[in-house]
Every structure is written in C-alpha cells, then in structure tokens.
Amino acid sequence: MAFANTDIADLVSLERGEVDRRIYTDPSIFELEMEQIFARSWLFLCHESQILEPGDFFQSVMGRDNVLVVRQKDGSIKAMLNTCAHRGNAVCRAEEGNAKSFLCTYHGWSYGIDGYLNGVPGFNTFYNGELDKSQHGLAQIAQVANYKGFIFGTHDASAPPLEEFLGPTGRLGLDTLAMRGDIEIVPGIQKFVIECNWKIAVDNLFDWYHPQVTHAAALQPNVFPASPRREDRAEKIDMKGVNMQSGASLDLRGSGISGTKFDAVVVLGEYGHAIGGPTRSSTGYFEFDPAWRDTPRAKTALGPVGINVAGHPNIFPTTWATSALPQVSLRIPRDPSHTEIWWFTFVDRNMSREMRNVMVTMANRLFGPAGLLEQEDGENWAQATAQTRGIASRRMKHLLNMGLGRGKIIKESGLSRIEGLTSEYAQLWTYYSWAQWMKGLSWDELKKATTPGDCI
Amino acid sequence: MSEHIQMSNATESCPHEDRIDAMLRHYQVERFYYDEAALLDSHRYEEWLALFSDDAHYFMPIRRTRTQREMDKEFTQPGEMAFFDDTKQLLAGRIAKLKTGRSWAEDPPSRTRHLITNIRIVKDDGRTLEVESNFHVYRTRLNSEETSWIGSRRDVLRRVERSFQIADRRIFLEQTVLLSRNLSNFF
C-alpha cells in the first residue's frame, strides 16, 4: 500500500503514545525509509582506529549501499561506494583488510585507494584512449566527517555538517564513549541477523522497563553476582497479579542493572536523537568503571546536565552508543523483517593489560548473540515483528504511553530533558521524529519539526 | 590464530600392536564425543559441564571474510572480541540461567542435534591429546525456526582415569555474519 504524507503523519500519535504496527512489515514503508532516512541522514560507518594504515579499509553499509571506508596516504579518510563505475560489480569483497588498489574482477578496471580510476584494460586498444578516467572513479560519499574518532557519512550533499546534525544530544551520546580515554577498537566486530524490524531493535535500547523481566534469568545472583554495595541494589517494583504460565508468581531479583531508585532522565534532541535511562546516581553498577565521569575532560565535554545522564543514547536512526561498556551497536535494516546487528567494542589505549582483559571479557559476555543479556532480546523482537504480519494483530497499536502527558521538558545547557521515573518518552520521540523524516521535509523544516516542545 | 589443520599421526608403518592401540584410542575419543553430544541434545547440561576441567577455556572466535593473502587474520584471537570467551565458571552461569525457568530464549527449549564427525587425533604426548573434529549442530525452535551451524572444533583433552577432560575448546564456525539471532546453545 502507498502512504501519502498525511497518512505518514497519522502512523505515530504523540498525543496518544501510539504507533501504527504496519510500519514494521509494510514493504512500501521500508522503501520510503531507505529514501527519506537512509539516503539522507548521517550514518555511522566505523571508528578511525579500525583503519590506521594507508590502504586499511572497512566495508560498511549506508542503507543498502555497500561503502568502503579507506585510510588515505595523507592520513585522511575517504568513503566510497563499492560498485565499479563500469558495470556495477563490487570492487572489494572482503569485510576488512589492507589494499593497495581495488580491482573489479569483471573487466579489470582498477582504482586507487582514493577511488581514482587508474587502469582500464585496453584503454588504448579498445577505448582509443578516449575514456575520461577522471569522470569514472568510485563514487565518493557525498559527505564524510569525523566526530572524535567516529566516522560518519551521508548521501545528501545538502545535509547540515555532522556536528550540527548531532546537536547537543547526539554529541553527548558519542561523548559518553569518547571521553572514556583515548579509545580504540577491540578487533572483531560481532555481526548477526535478527528476524525483526530495525525500529523494534532501536526502540528497545531506551527501554529500561524490560531488563528486569526480559533478562530475569541473566540477573540471577549465580549468573550476575549482585553488587556488594547495598545502595546499588534495585528497589522492588509492584508485581501483583504477574504470573508465569505455570501460575507461579514472577518474582524478580533485581541486581542493580535497571537502576536502583528508578530515577531516570530522558534527553530529546533535534532530528530524532534521544537518550533514555537512569541518572548517574541511580545506574547501580551497570556502567562499568564510571570513574571517567570525574575527569575534568569529561566534565567539560558533557557539561553539568550531561554528566548525570547515564542512559542509552541513540544517534538517529540506528547508532546506539552503549553505556555499560564503551560499545556501539549498529542496527542495519536488511528488509522489513531482518536487521543486522554489528557490535563495535572500545577500550582506552592507555588501560592496563588486566583492565583491558576485564573489559573485553565483559563485552563478550553481556552483548552479542551469545551475550547473557542479548540472547533473550532477539526472541522478543522477532516475535513482536512476526505478530504484526497478522491483519487483526497489526490493527492493534504499538503502545508507548507510559507517563504520557507528565513529561515536563526542562531546557538547560542546550539539552531538553525530562526527569522522573522509567518512561517511554525516548521511544515515542524516536517514532515521532521518524514520521517527520518520512514526510520528506527540507532540512530546516525537519529541524523545526523535531525541536522538542514543553511537554510530552 | 587460524584454523590450521594438522595431519593425524600416520600409523600405517607402525607395528601391528601400535596400530591396534591407535584404533583403541580413536574409539575412546569417539565414544567420549558421542556421549558428550548425547548429554547436550538431552539438555543434561550439568553432566556436560562436568566433562570440562576447572581451568577450561571455551572460545568461539569471530571469523571475517578476508582476501586470500590475509587469511592469517581470518579469526580473532583470545583477548579480542569473540562469540564465546568462557571460563568453566561462566559456562556454569549459563547453565544456571537455563535452569531458572526465566530464560525465555530457551523456553520452550530449542531442539538440537549434534553430529560429530571427521575426528582426528593430531597430537598425543601421553598426558594430553589434541583432537580436531567437525560438527553439524542443527536447531529448531518453536514451529518454524531452523538453524544449522557447521564448523570444526579443536580440543585439548586431558587423560583422566578412564576417560578425558576438555581442557580447551576452540570452535570455528563456517559463518562470518552469524545467520542466527542468538547462540543460546552449546557446541
């Protein structure tokens, strides 16, 4: 089915906290997302430490475009489409590595690491030397920029500069990773596929209502030892009438993972960026080694409001800056019901060997397909996506009305924040902003439409 | 680390008694693996865990599509990111998690079948064996979900009494982007 602009606006209701479930399965919606969001927005490509030497490359994805991110001889970074200017074949088929040139294995067109067309078989014999090589290089990504080591690209030459696009909220999100020291990648990007719509995965990253139930098994004391500090232990929430299939009550043993006092802070930003989760003082021990927040460098970068924000940031649309450990979880839409998850993990270069090992081990154990936490997430997201295929099931709404109408927005230090308990404001803001993107507004109109008001 | 293949020790030129010993040893290792697979497929995880030594390392690296000349960097190493990087204690934690009745990704439980084949003893110093084998782990979940994981394992087996203990297990999958939503089962 086709959706006109007015119909798109109706798919998300900020007033009712409801989302139309058709957005998770409809192929025309997915095509429109590729055009209006993924061909326009700045998208995370990789971290600069993944490609240190000239010719080092990492193959990334922008929408459905395969993109080669390549370190140049002068130290700069270029990003270009992985498609031969002649007949379209991929010029690189490795996920990462080092290249002196990129060869199309179809007819042998050969490109420099800067994308320039250096060699064409039969250039004189068959083309009579008349092919303008300068016009047939690999297509450069319209804009590429580096924010504190994080490389982003956009297909839209008219998009605002990266820092402006990120705004205070997006920058705060990335700063919560970048300020943990002189960070570098840990080799090995975990990649896996979940049969879910990408928005279900993104929606979940703000969700501090689910860990205690979804991850109840992982939060058992013999799996995740409870924090020795009494103040880190979670407060009990009321569970009256919550029973399992066996009829037994679902008793939860919180271990500080979802906040202790339920103090939450949500930050809403222009273009759909958001942060949702606990404040620093209520995050318990989930944020590993939070001492970095006390460094003068971090205090300056994060500012007086940002320093207390310990929830999960999302750089719209699909870049989750994970806060437990410095990680990025990128959600790459493959089709309406398949999403690839890519985990990038970082450590401080100056960290002791022991601390580095602890961080890497923790990262391997928490997230990724075998991660004690993430194992359960995929099941929920796949089933939530699958149920929206039913005509009757999809007539029901995706509900995000927790705390609706009570979210008073405080504007301070350039950030728009809401204080209070666990809520669904950040998810709702993401969907609302998604609808604005889908209308195909100009950049100015889009920024205006996604500037938070006084209340949500 | 790469999945470098070692040749099994040739015994054809050895005396008859040594060849019989080699066959017997092979038979013992094979029986050990078949019993191990049976424990996993019948969800008897505590008994499975008891097959590991206390200092065991259970490691499944990430594999990456790379060009032929960079095949030495195909797999990640210990100390880098991995799909599994477990001690015996963590394996015990995973099993405890499965037993809680709240491990939703495995309730209803997956149905698995572990097929272990191509067993080759590549080293034997009397105390420990190095053994390579291939596996096909087939999983179905709920009514329509089907996963096949094919790969190889390289184990260090320690001789104990009349059997073996797994002191080290490296699992090499034939996938780079993992084509399943999770790894909630053991290999």
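Lettering follows sequence order; numbering is per chain, from 1. Computation of the quantities below employed the complete heavy-atom set of this structure, encompassing side-chain atoms and omitting hydrogens, waters and symmetry-equivalent molecules.
Closest approach of B:M81 and A:V360 over heavy atoms only: SD-CG1, 4.2 Å. Shortest non-hydrogen contact noted between B:R94 and A:A370 is NH1-O, 2.7 Å. Residues B:R69 and A:A99 come closest through the heavy atom pair NH2-CA, 4.1 Å. The two residues A:N364 and B:E80 come nearest to each other via the heavy atoms ND2-O, 3.5 Å.
Shown here are the ring-ring contact (aromatic ring centres under 6.0 Å, His included) partners of B:H43, two or more places apart in sequence or in another chain: B:Y45.
Chain A is approached within less than 4.5 Å, heavy atom to heavy atom, by B:L178, B:L179, B:S180, B:R181, B:N182, B:L183, B:S184 from residues 178-187 of chain B, ordered by number. Residues from residues 374-386 of chain A that place a non-hydrogen atom less than 4.5 Å from a non-hydrogen atom of chain B comprise A:Q375, A:E376, A:G378, A:E379, A:A382, A:Q383, given in numerical order. For residues 185-200 of chain A, the interface with chain B (any heavy-atom pair closer than 4.5 Å) comprises A:V186, A:P187, A:G188, A:I189, A:Q190, A:K191, A:F192, A:V193, A:I194, A:E195, sorted by residue number.
Heavy-atom distances place the side chain of B:L142, and not its backbone, under 4.5 Å from chain A. Of the atoms belonging to B:E145, it is side-chain heavy atoms, and not backbone ones, that fall under 4.5 Å from chain A. Only the side chain of B:T100 comes within less than 4.5 Å of a heavy atom of chain A; its backbone N, CA, C and O stay farther away.
No more than 12 heavy atoms of other residues, nucleotides or ligands sit less than 6.0 Å from atom CZ of A:R93. Around atom CZ of A:R349, more than 12 heavy atoms belonging to other residues, nucleotides or ligands sit under 6.0 Å away.
Side-chain contact between A:L250 and B:R102 is present, with at least one heavy-atom pair separated by less than 4.5 Å.
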